[in-house]
Amino acid sequence: MYILIFVIGAALGVIGGFFGARQYMKKYLQENPPISEDMMRTMMMQMGQKPSERKLNQMMTSMKAQARKAGK
């Protein structure tokens with residue numbers, strides 16, 4: 001009987017931990033995006049491109065759309 005309770009408790013703990021960690025990471029990445037506009041601008045300048053605001057906005061919008069698509 002105690003073994004069954006232990007197994008059920010462990011399974012619930014693993015499932016709860018998974019969803020809790022998943023929610024935490026979503027919130028963390030939303031608040032702290034991996035690439036900012038300044039980082040993107042620096043990368044483009046290093047590649048020899050002159051970054052315009054329009055191009056930066058397009059790239060950031062497409063990255064955010066991909067992140068939303070991957071999160072669903």
Side-chain angles (χ1 to χ4, degrees):
M1 183 67 173
Y2 292 113
I3 295 172
L4 181 63
I5 292 172
F6 176 76
V7 170
I8 291 172
L12 290 174
V14 168
I15 292 169
F18 170 75
F19 285 109
R22 182 173 175 240
Q23 188 67 25
Y24 172 78
M25 285 305 296
K26 278 186 176 181
K27 182 180 176 189
Y28 177 81
L29 289 174
Q30 191 174 29
E31 291 173 356
N32 304 307
I35 297 180
S36 67
E37 286 187 33
D38 292 332
M39 294 169 75
M40 188 80 68
R41 182 177 286 117
T42 303
M43 286 181 0
M44 289 175 71
M45 290 175 80
Q46 287 176 348
M47 292 187 294
Q49 298 179 8
K50 183 168 171 67
S52 65
E53 287 299 316
R54 181 174 179 236
K55 190 163 190 166
L56 282 173
N57 288 338
Q58 284 178 340
M59 291 177 72
M60 291 302 291
T61 303
S62 68
M63 288 178 59
K64 287 178 184 177
Q66 282 181 339
R68 273 189 238 113
K69 188 176 180 182
K72 288 185 179 179

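Along the sequence shown, residues carry numbers from 1. Only a predicted model underlies this, so the values are computations on that prediction, with no experimental measurement involved. Keep in mind that the numbers below use all heavy atoms, side chains included, and drop hydrogens, waters and symmetry copies.
Shown here is Gln30, whose CD atom has no more than 12 heavy atoms of other residues, nucleotides or ligands within 6.0 Å. Counting non-hydrogen atoms of other residues, nucleotides and ligands closer than 6.0 Å to CD1 of Ile5 gives a total above 12.
Taking hydrophobic clusters as Ile, Leu, Val, Met, Phe, Trp and Tyr residues chained together by side-chain heavy-atom distances below 4.5 Å, Met47 shares a cluster with Ile35. Placement of Phe6 and Val14 in two distinct hydrophobic clusters is found when ILVMFWY residues are connected by side-chain heavy-atom separations under 4.5 Å, directly or transitively. No continuous path of hydrophobic side-chain contacts links Met45 to Met59 [ILVMFWY only; heavy atoms under 4.5 Å]. One hydrophobic cluster, built from ILVMFWY side chains closer than 4.5 Å, cannot hold both Phe19 and Leu29; they sit in different ones. Note: the hydrophobic cluster containing Ile15 does not contain Val7 (ILVMFWY, side chain heavy atoms under 4.5 Å, direct or indirect links).
Within the model, atoms CD1 of Ile8 and CD1 of Ile3 stand 12.0 Å from one another, a figure rounded to the nearest 0.5 Å.
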Quiz item: Can you check side-chain contact (heavy atoms from CB on, under 4.5 Å) on Arg54 and Gln58, steps first, answer last?
Solution: CA-CA 6 Å; Arg54 181 174 179 236; Gln58 284 178 340; 3.9 Å; yes

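Under the side-chain contact (heavy atoms from CB on, under 4.5 Å) test applied with Pro51, the options Met40, Arg41, Glu37, Met43 reduce to a single match, Arg41. Here the rule is side-chain contact (heavy atoms from CB on, under 4.5 Å) with Lys55, and of Lys50, Met60, Gln49 only Gln49 fits it.
Contact of the Arg22 side chain with the Phe18 side chain is registered, since non-hydrogen atoms from C-beta on lie closer than 4.5 Å.
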